[in-house]
Amino acid sequence: MKRRHWWPWAALGCLLLQASCVGAFAGIDTARPVPTEVLSEDAWNRTVSGVRYITPAGWTGQTHGALTVMRTPAEDARIAIVDVAAQSADEAIASAWKHYRPTAAPSLPDARDRPPRNGWSSVRSYDYANAAQPNRVLRAQLLHEGDTWIVVILDLPSEAMSRREAQVTRVLSSLRARNYVPDTLAGKPAHALDADRIAALLRFLEDARTRLGIPGVALGVVQNGEVKYAGGLGIRKLGSDEKVDASTRFLTASVTKPMTSLMLAKLVDRGELDWNAPAARLLPSFQVGDPALTKRIRVRNLLCACTGIPAQDMEWALSGDELKPQDVLGLLARIRPTAEIGELYQYSNLMAVAAGYLGAHVAHPELPLGEAYDRSMQELVFDPLGMRSTTFDFELAQRGNFASPHGLTIDGDLAVAAMGYNRMSIPMRPDGGAWSNIDDLNRYLRMELASGRLPQGGRYIGEQALHERLKPQVARGGVDQWYGMGLKTDRRAGILQVTHGGSMAGYQAEIFWLPEIDAGYVLLMNADAGAQLRGFFADRFLELLFDVDRGAAATLDALPARLKREREAHRAQLAPLDAETLQRLAPVYSHPTLGSIRIVTEGAKTWFDFGGWRTEVLMTQDDADTVIESISPSVAGFRFTATQRDGARALVLDDEQRTYTFLEGDRPLSLAAPPDATTGNDRPERSP
C-alpha cells in the first residue's frame, strides 16, 4: 500500500514536487489567444535554443518567442517554459517572470538546489507564496548548462497538481540539455553477481542503512534462476539485539499489489477470468460514482491506476478499524472520476482492493469477500510458490521473527512506531496487507524472472497471462515510464525494468527485476527512511551489474544533510498548542465517513485519538489560520485547520482533491451518508 504524500518524506523523490502546495498569482496575460486543439497524445517540441520537451496529452500549447505556455483549458492549469539569455540564476529567473507575467515577480519563501540531471550542470527549484490565491500552486525550476537557461513555471490549481502530478513530472523529466546523450544499458553485457559484487552491494546497503537511520533491512538477490543472496543487516527492533535475516517478516505494503495481480492472472490462465470482462458483471457490488464509467471498467482497469478514479485514502487511514471489505467497495461507489480512462496516472488503492476482491469472488463466490481473498491468495499464489511464511494475519505475523516499525520523532530521534495505523489496512489487504520475508519473496521473484516456471522445471502459469500485467496501461511521471496491472515498468535506461514499492507506517518495501537480463532483488526495511533508500538502491544494483556510474554514492552522500535541514526547518515552525487554542477546541469532533477525533491532553502534550490509532499534535500558523499537525513517528504530517462552520467548532482536513470537515460532537460512522452531506462539507469531486 502506498501512503499518499501528506507525509513529508513521501514527496522527496519527485523532481520538483517536494515542497508543500502554496498560493499562486493569476499568471500570464489571458488576452493572448489559446489554441482550441487539445493534444490526443504526448508531443515532442523544442524551445528556441533547441531544448526538447514534452507537451502532455490533454493539454494545449502555444509559443511566443522564448515563452511556451501549456494549458488544460477546463481547469486553468498552466506550465510555462521560458528559454532566456542570462549571466546568472537570479537574472534568468527574473527574466522568465518578465516573459510570463510582466508585473512584479511573486514573493519567494523557498529556493533550493537540486541534484543535476539530464545533462544540466545545475538545477534549482523555487517555491512561491501568495495569500490571495492559496488554492493554487506556483513553483519554478531553473535548468542551466553552458549558455542555456531554461525556466519552467508551474501555475496550477492545487487540485489539478494533485491529479496531474505525473504529467507535470513528465514535462520536467523530458527537458534535457542540448548536447545530452542519455546513458543506455541496451547491448551492455551483464556481469554475474558473484561473491565480490554481492559483498559490494551489501557494503553499500549497510552504509546507507547506518547513515539514514534504518534499524534493519533484508535483501534478496536473484540472477539466472539462482538465489545469489538472502539475508539481512541490522536489528528487528530498536533496543533489541535480535538480528534481521531472510526469515524475518515485514509488512510489504504495496508490494502486495503485484501478488494480487498474479492471483488474477492465475485465474485468467485457468480460463476462469478474462482481463476484458466487465468488472461489475463479475462482482455486482462493484461500482464507482459514475454509472456510465462503472459499465466501462474492465478487469484490467482495476489495477491500471488509469480509470480516472482519483486517490482517496483518508477513509481507511482514519476509520479502517471500523470497515469491512464490503464497506471499502462502498467507498468506491461514492467517488466520481476526474479524468477519462487512460488519460491520467492516478494511483488508487481502493481500485486495487476491488481487483483483489473481484478475483476472490470469482474463485470462491460462496465465501465472504475477505475470507475468499485470503483463501484465493493461499491456494493460487502462496502455496504453489512455496511462500509458507506469507500471511495477511496481523496477529500471526507479529509472532516470533518479525521486524517492528520505526519512524522519527519531531526532533529527529529514531523511535519504535505504534502499529495501530498499519492495522487500518486490514480491510484493504488486497492492496497492501501482506506480511512476508525474503525467502518467500525470492521464490516469487524467481517465478517472475522465469516467465512462470518453477525452479523444479514445472510451469506455474502461462507466459501470456503473466506478462499481460506488464503491458503499458497509462504513462507515469518520467519519459518511458508506465503502469501496467499492479506493476510499474521503465525503459529510460534502454532495458525493461519492472518494479513496485510499498510504504506503510514504519515499513518500506521494494521489488525490482530486469526481465531481459534475468536479475532482480527484493528489499524490505523497518523504518520510514527506507523510502529514501528505495529511490537510489536500484542505481547501485545496476552499477554493479553493468559496471556503470549512476551516481548512487553521490546521492547517498548528499541525502542525510539535506533531510536534516528540511526536518529542522519544519520543526522550527511548530509549537505546543497554547492555552487559547486548547480552550477553543471541542473535546470531540466527528465526520460521517472518517469517524471521530477525541482531543486528549496529557500534561503538556496534546493528542488526537482516532480510535484505531492516535498521534501527538503540535500547532503552527498558516496565514491567519491555526493549523494542528500530527507529529508522532510514522504518522506525521496530517494537518487540520481549526475553524468554525455554521456556528459550530470544526476541524478541516484537506486531502488535495477533497476537503473533509469534522464538526464538534460525537456521531456514529455512517458510510451511507452522501459525500456532500452538511455534516461532512466534503468538496464534491470534479467530473471530466
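Heavy-atom basis, side chains included; hydrogens, waters and symmetry copies ignored.
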Asp411 atom CG, neighbour heavy-atom count above 12 within 6.0 Å: yes

Shortest non-hydrogen contact between Gly58 and Thr72, atoms and distance: O-CG2, 4.0 Å

Asp207 bridged to Arg211 by N-O distance under 4.0 Å: yes

Heavy-atom closest contact (Ser630 atom, Val617 atom, distance): CA-CG1, 4.0 Å

Salt bridge flag under 4.0 Å for residues Asp76 and Arg78: yes

Nearest-0.5 Å distance, CG of residue Leu293 to CD1 of residue Ile309: 5.5 Å

Pair Glu516 + Arg491: basic N to acidic O under 4.0 Å: yes

Check: Glu91 side chain, Gln87 main-chain N or O, donor-acceptor pair, under 3.5 Å: yes

Donor + acceptor pair across side chains of Asp155, Tyr100 (<3.5 Å): yes

Under 3.5 Å: donor-acceptor pair, side chain of Gln141, backbone of Tyr126: no

Side chain to side chain contact (heavy atoms under 4.5 Å, CB included) assessment of Phe546 paired with His191: CA-CA 6 Å; Phe546 293 98; His191 292 281; 5.7 Å; no

Please list every donor-acceptor pair under 3.5 Å in which a side-chain atom of residues 477-484 meets a protein atom from a residue at least two apart or in another chain.
| unit_1 | atom_1 | unit_2 | atom_2 | d |
| --- | --- | --- | --- | --- |
| Gln481 | OE1 | Gly478 | N | 2.5 |
| Gln481 | NE2 | Asp490 | OD2 | 3.1 |
| Tyr483 | OH | His500 | NE2 | 2.9 |

Gln621, CD: over 12 other non-hydrogen atoms inside 6.0 angstrom: yes

Criterion side-chain contact (heavy atoms from CB on, under 4.5 Å) against Leu514, the qualifying member of Val498, Leu545, Leu496: Leu545

Residues Thr55, Asn45; criterion side chain to side chain donor-acceptor pair (under 3.5 Å); working and verdict: CA-CA 7 Å; Thr55 302; Asn45 303 281; 3.0 Å; yes

Any donor-acceptor N/O pair, Glu510 side chain to Leu523 backbone, under 3.5 Å: no

Side chain to side chain donor-acceptor pair (under 3.5 Å) between Arg163 and Gln346, worked out: CA-CA 7 Å; Arg163 294 195 309 113; Gln346 296 190 96; 5.0 Å; no

Partner set under ring-ring contact (aromatic ring centres under 6.0 Å, His included) for Trp149, not counting sequence neighbours: His144

Phe638 and Phe640 aromatic ring geometry - parallel, tilted or perpendicular at 30°/60° bounds: parallel

Interatomic distance, Lys488 atom NZ to Leu470 atom CG [nearest 0.5 angstrom]: 14.5 Å

Heavy-atom donor-acceptor pair, Gln167 side chain to Ala57 backbone, under 3.5 Å: yes

Lys/Arg cation over aromatic Phe537: Arg534, 6.0 Å, 45° cone: no

Between Ser49 and Asp83: side-chain donor-acceptor atoms closer than 3.5 Å: yes

Euclidean distance, Asp557 CG relative to Arg562 CZ, rounded to 0.5 Å: 13.0 Å

Candidate pair Thr63 and Leu67, rule side chain to side chain contact (heavy atoms under 4.5 Å, CB included), full reasoning: CA-CA 6 Å; Thr63 298; Leu67 173 67; over 6 Å; no

Gly551 backbone acceptor or donor facing Glu543 side chain under 3.5 Å: yes

Worked check of salt bridge (Lys or Arg N to Asp or Glu O under 4.0 Å) between Asp549 and Arg540: CA-CA 8 Å; Asp549 182 4; Arg540 186 59 183 143; over 6 Å; no

Minimum heavy-atom distance between Ser125 and Arg114, given as atom pair plus value: OG-NE, 3.2 Å

Value rounded to 0.5 Å, distance of CD1 in Ile410 from CD in Glu629: 6.5 Å

Closest non-hydrogen atom pair between Lys257 and Ala352, with its separation: CE-CB, 3.7 Å

Step-by-step side chain to side chain contact (heavy atoms under 4.5 Å, CB included) determination, Thr643 to Asp625: CA-CA 8 Å; Thr643 186; Asp625 293 327; 6.0 Å; no

side-chain hydrogen bond (donor to acceptor under 3.5 Å, both in side chains) against Glu568, all qualifying residues, sequence neighbours excluded: none

Salt-bridge criterion met for Glu566 and Arg112 (N-O under 4.0 Å): yes

Thr499 side chain vs Ile511 backbone, donor-acceptor pair below 3.5 Å: yes

Atom pair SG (Cys304) and CG (Leu487), whose distance is rounded to the nearest 0.5 Å: 13.0 Å

Ion pair check, Arg164 and Glu343, cut-off under 4.0 Å: yes

Check: Trp513 ring centre within less than 6.0 Å of Phe541 ring centre: no

Donor-acceptor under 3.5 Å (Ser174 side chain, Tyr53 main chain): no

Residues Asp528, Ser634; criterion side chain to side chain donor-acceptor pair (under 3.5 Å); working and verdict: CA-CA 7 Å; Asp528 296 328; Ser634 299; 2.7 Å; yes

Check: Glu145 side chain, Ser121 main-chain N or O, donor-acceptor pair, under 3.5 Å: yes

Arg550 CZ to Leu542 CG distance, which is reported to the nearest 0.5 Å: 5.0 Å

Backbone of Ile153 reached by a side-chain donor or acceptor of Arg139 within 3.5 Å: no

Under 3.5 Å: donor-acceptor pair, side chain of Asn118, backbone of Ser173: yes

Closest non-hydrogen atom pair, Ala190 against Ile517: CB-CG2, 3.4 Å

